[in-house]
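Remarks on the structure that follows.
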Amino acid sequence: MKPGEQLSLLEHADLLGRYRYLELRLFELCGKRCVELEGSARRWASGAARAHAWRARCLEELAPISVGLPDVSSTTAPAGPAQQTALERLEAAEPAVFLSALVNPWYLAMERAYRERLARCHRAADAPLRRVLQRVLADLGAVRDEGLELARSVEVGTFGHDLESLFAESGGPFGPLTRSDASRVGAQPLP
């Protein structure tokens, strides 16, 4: 896909659904970790959870809605098995490793993927998406910066490399920008 080249409505809905799925899943995981962490790490995880929920809501509002198009809930789906495996490993990580892995491999990969989509937005046709992605990136960066202060002392090492390998296998934390199976989302027949 070239800069300025537009996604089809189904590809756009599919990608937004994958963005939303990961943000909601990380909202859930950060919320669960709040009870295991203490002090500033707990406050950070709570704030990170709320930030994931906010970003998911922003992305949901961009979903194309029309008769014949899939609804938001049907497009909110995982990118694939490698993403699911990475999420399961993150969920099973020790609390301190969870925080470091989220801040370093996860948030960094998410930032790269959001920036890739932003760079490929059409200036006119994707103006609302551009604004939302700019806000999402600013928010993700702020949450990551706060988390970096807490995560500095924990090395994720092999665990982080395993996550990065899973991202590479799936085409990024959200999967590839466009998928050949985006049609699986499928438009609904008109009444």
Side-chain angles (χ1 to χ4, degrees), residues 11-37 41-63 70-117 129 132-133 135-137 139-144 146-147 150-151 156 159-179 181-182 184-185:
E11 290 170 332
H12 179 68
D14 176 58
L15 183 59
L16 286 174
R18 288 182 280 133
Y19 286 166
R20 185 171 180 265
Y21 174 84
L22 184 57
E23 292 288 2
L24 289 173
R25 189 72 173 94
L26 292 176
F27 160 71
E28 175 189 355
L29 294 180
C30 286
K32 283 181 181 178
R33 288 302 171 120
C34 285
V35 297
E36 300 169 357
L37 297 168
R42 177 180 282 180
R43 285 187 295 281
W44 179 85
S46 175
R50 291 183 57 86
H52 284 293
W54 176 79
R55 290 191 297 267
R57 192 169 44 255
C58 290
L59 295 162
E60 177 183 349
E61 291 173 2
L62 291 173
D71 63 10
V72 173
S73 63
S74 67
T75 60
T76 301
Q83 181 197 56
Q84 291 298 92
T85 300
L87 284 165
E88 289 165 6
R89 289 184 184 169
L90 182 65
E91 185 173 16
E94 294 296 319
V97 172
F98 170 85
L99 192 147
S100 287
L102 188 60
V103 167
N104 288 309
W106 274 100
Y107 284 1
L108 209 50
M110 290 170 68
E111 183 178 313
R112 280 192 302 266
Y114 281 137
R115 284 194 189 288
E116 178 186 3
R117 179 63 183 113
L129 177 61
V132 168
L133 286 177
R135 292 173 186 149
V136 161
L137 280 162
D139 183 67
L140 182 61
V143 173
R144 183 173 184 268
E146 292 168 10
L150 299 169
V156 293
F159 183 77
H161 294 296
D162 289 346
L163 291 176
E164 289 170 348
S165 294
L166 288 166
F167 297 153
E169 182 181 327
S170 65
F174 306 107
L177 193 58
T178 59
R179 301 192 292 184
D181 68 343
R184 74 167 178 74
V185 172

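Everything numeric in this text was worked out from a predicted model, so none of it was measured.
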Spacing of OG1 belonging to Thr178 relative to CG belonging to Asp14, to within rounding of 0.5 Å: 9.0 Å

Salt bridge Glu111-Arg115, side-chain N to carboxylate O under 4.0 Å: yes

Whether over 12 other heavy atoms sit under 6.0 Å from Glu116 CD: yes

No-hydrogen, no-angle side-chain donor-acceptor test under 3.5 Å, Ser74 and Asp71: yes

Contact summary for Arg144 and Val103, nearest pair of heavy atoms: NE-O, 2.9 Å

Distance in Å, Leu37 CG paired with Cys30 SG, rounded so as to fall on 0.5 Å steps: 9.0 Å

Between CG on residue Leu140 and CG on residue Leu133, distance to nearest 0.5 Å: 11.5 Å

Side-chain (Trp44) to main-chain (Val143) donor-acceptor, under 3.5 angstrom: yes

Inter-residue atom distance Glu36.CD - Glu94.CD, 0.5 Å rounding: 8.5 Å

Working for side-chain contact (heavy atoms from CB on, under 4.5 Å), residues Leu26 and Leu90: CA-CA 10 Å; Leu26 292 176; Leu90 182 65; 3.8 Å; yes

Aromatic contact, Phe174 with Tyr21 (centres under 6.0 Å): no

Over all atoms of both residues, closest heavy-atom pair of Ala93 and Phe98: CB-N, 4.0 Å

Straight-line distance of Arg135 CZ to Leu137 CG, nearest 0.5 Å: 12.5 Å

Main-chain N/O of Ser73 paired with Arg20 side-chain donor or acceptor, under 3.5 Å: no

Donor-acceptor pair, side chain of Thr85 and main chain of Pro81, under 3.5 angstrom: yes

Check against side-chain contact (heavy atoms from CB on, under 4.5 Å), Leu102 and Arg33: CA-CA 12 Å; Leu102 188 60; Arg33 288 302 171 120; over 6 Å; no

Nearest heavy-atom neighbours spanning Pro105 and Phe167: O-CE1, 3.6 Å

Contact summary for Ser170 and Gln83, nearest pair of heavy atoms: CB-N, 4.3 Å

Phe27 atom CZ, neighbour heavy-atom count above 12 within 6.0 Å: no

Partner set under side chain to side chain donor-acceptor pair (under 3.5 Å) for Glu91, not counting sequence neighbours: Arg25, Lys32

Pairwise side-chain contact, Glu61 with Val132, heavy-atom cut-off 4.5 Å (strictly under): no

Separation between OG1 of Thr75 and CZ of Arg18, rounded to the nearest 0.5 Å: 10.0 Å

Step-by-step side-chain contact (heavy atoms from CB on, under 4.5 Å) determination, Leu87 to Leu22: CA-CA 9 Å; Leu87 284 165; Leu22 184 57; 3.8 Å; yes

Output field: ring centroids His12/Tyr19 closer than 6.0 Å: no

Minimal non-hydrogen separation, Arg117 against Leu177, with atom names: CD-CD1, 3.5 Å

Nearest heavy-atom neighbours spanning Leu24 and Ala56: CD2-CB, 3.6 Å

